[in-house]
Amino acid sequence: MRYEISPKPLFSEAEIQNRVAELAREIDASFEYDLIAGILTGAFVFIADLSRRLSRRVPLRFIKASSYGERMTSGAVEIPESDFTPFAGKKILLIDDILDTGKTLEALVQKMKACGAAEVKTCVLLDKPSRREVPFQTDYRGFEIEDQFVVGYGMDYAENFRTLPAVFVMNPAP
Ligand code: 5GP
Ligand code: MG
């Protein structure tokens, strides 16, 4: 099947920027994080925007996790083993682009806690509650969306569309 992106964005640049600013205020008012952890690659734009709006100037580390490849359905979550010692004793704000089945964040939060993290709170730009396969709730989220595949604002389909400044839906081409 061929796919194309929706002509109009699901969330415009302005809508995203306003919500990111609000989210930063919510987080700053309710969590004394001392480390930001950002999940690559799809969240790289969200991480950049949100982290600059947050008021605490704390270290930021990236974690690589991947489950999609060139498909649109979730596969096994892959997390490289090595990167977890810096999280011991930290109060971590863990940032991802989308909460879908829940497997990625559930696995990462468990790993961080197993490696001695003092506290982990999660923040996602988009939450698709209807897709959940493991019980997982995020502490902060930008928007709730339906079961649809989205691209743009850092998020890809087969490495395309990441540089679009707004979020678009992928639909089957007519
Ligand atoms: P989960 O482990 O919750 O199923 O999947 C989370 C990851 O799948 C996200 O970090 C994101 O990279 C990817 N993902 C889930 N839904 C979408 C989507 O609609 N579009 C894109 N581009 N990636 C998605
Ligand atoms: Mg991801």
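One-based numbering, in listed order, for ligands and for the atoms of each.
Heavy-atom separations between Gln148 and ligand 1 include at least one value shorter than 4.0 Å. The shortest heavy-atom distance from Glu133 to ligand 1 is not under 4.0 Å. Not a single heavy atom of Val151 sits under 4.0 Å from any atom of ligand 1. The shortest heavy-atom distance from Phe149 to ligand 1 is under 4.0 Å.
By the neighbour-count criterion of 12 heavy atoms within 6.0 Å, atom CD of Glu144 is densely surrounded, having more than that number from other residues, nucleotides or ligands.
For Glu133 and Lys103, the salt-bridge test passes: some basic side-chain N is under 4.0 Å from an acidic carboxylate O. Between Arg19 and Glu26 there is a salt bridge, with a side-chain nitrogen of the basic residue lying less than 4.0 Å from a carboxylate oxygen of the acidic one.
Compare Asp97, Ile145, Val134 by their heavy atoms: the one nearest to atom 11 (C) of ligand 1 is in Asp97. The closest heavy-atom contact to atom 1 (P) of ligand 1, among the options Ile98, Val169, Thr101, Leu40, comes from Thr101. With Met155, Lys128, Lys103 as candidates, the residue nearest to atom 19 (O) of ligand 1 on a non-hydrogen basis is Lys128. In this structure, of Asp156, Asn160, Asp100, the residue bringing a heavy atom nearest to atom 22 (N) of ligand 1 is Asp156. When Gly154, Gly42, Gly102 are checked for heavy-atom proximity to atom 3 (O) of ligand 1, Gly102 turns out nearest.
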| field | Residues Asn171, Ser6; criterion side chain to side chain contact (heavy atoms under 4.5 Å, CB included); working and verdict | value | CA-CA 7 Å; Asn171 295 309; Ser6 54; 4.0 Å; yes
| query | Which is it for Phe161 and Phe168 under the ring pair (Phe, Tyr, Trp, His ring centres under 6.0 Å) test, yes or no, and what are the steps along the way? | reply | CA-CA 9 Å; Phe161 308 113; Phe168 294 81; 8.7 Å; no
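The minimum heavy-atom distance between Asp34 and Val58, with the atom names listed, is O-CB, 3.5 Å.
Residue-to-ligand polar distances place Val150 within reach of ligand 1: an N/O pair is separated by less than 3.5 Å.
Under a hydrophobic clustering in which Ile, Leu, Val, Met, Phe, Trp and Tyr are joined whenever their side-chain heavy atoms come within less than 4.5 Å, directly or via other members, Val45 and Phe149 fall into different clusters.
Side chains of Ser55 and Asp28: a donor-acceptor N/O pair is present below 3.5 angstrom, by distance only.
For ligand 1, the atoms closer than 4.0 angstrom to any heavy atom of Thr104 are 1 (P), 2 (O), 5 (O), 6 (C).
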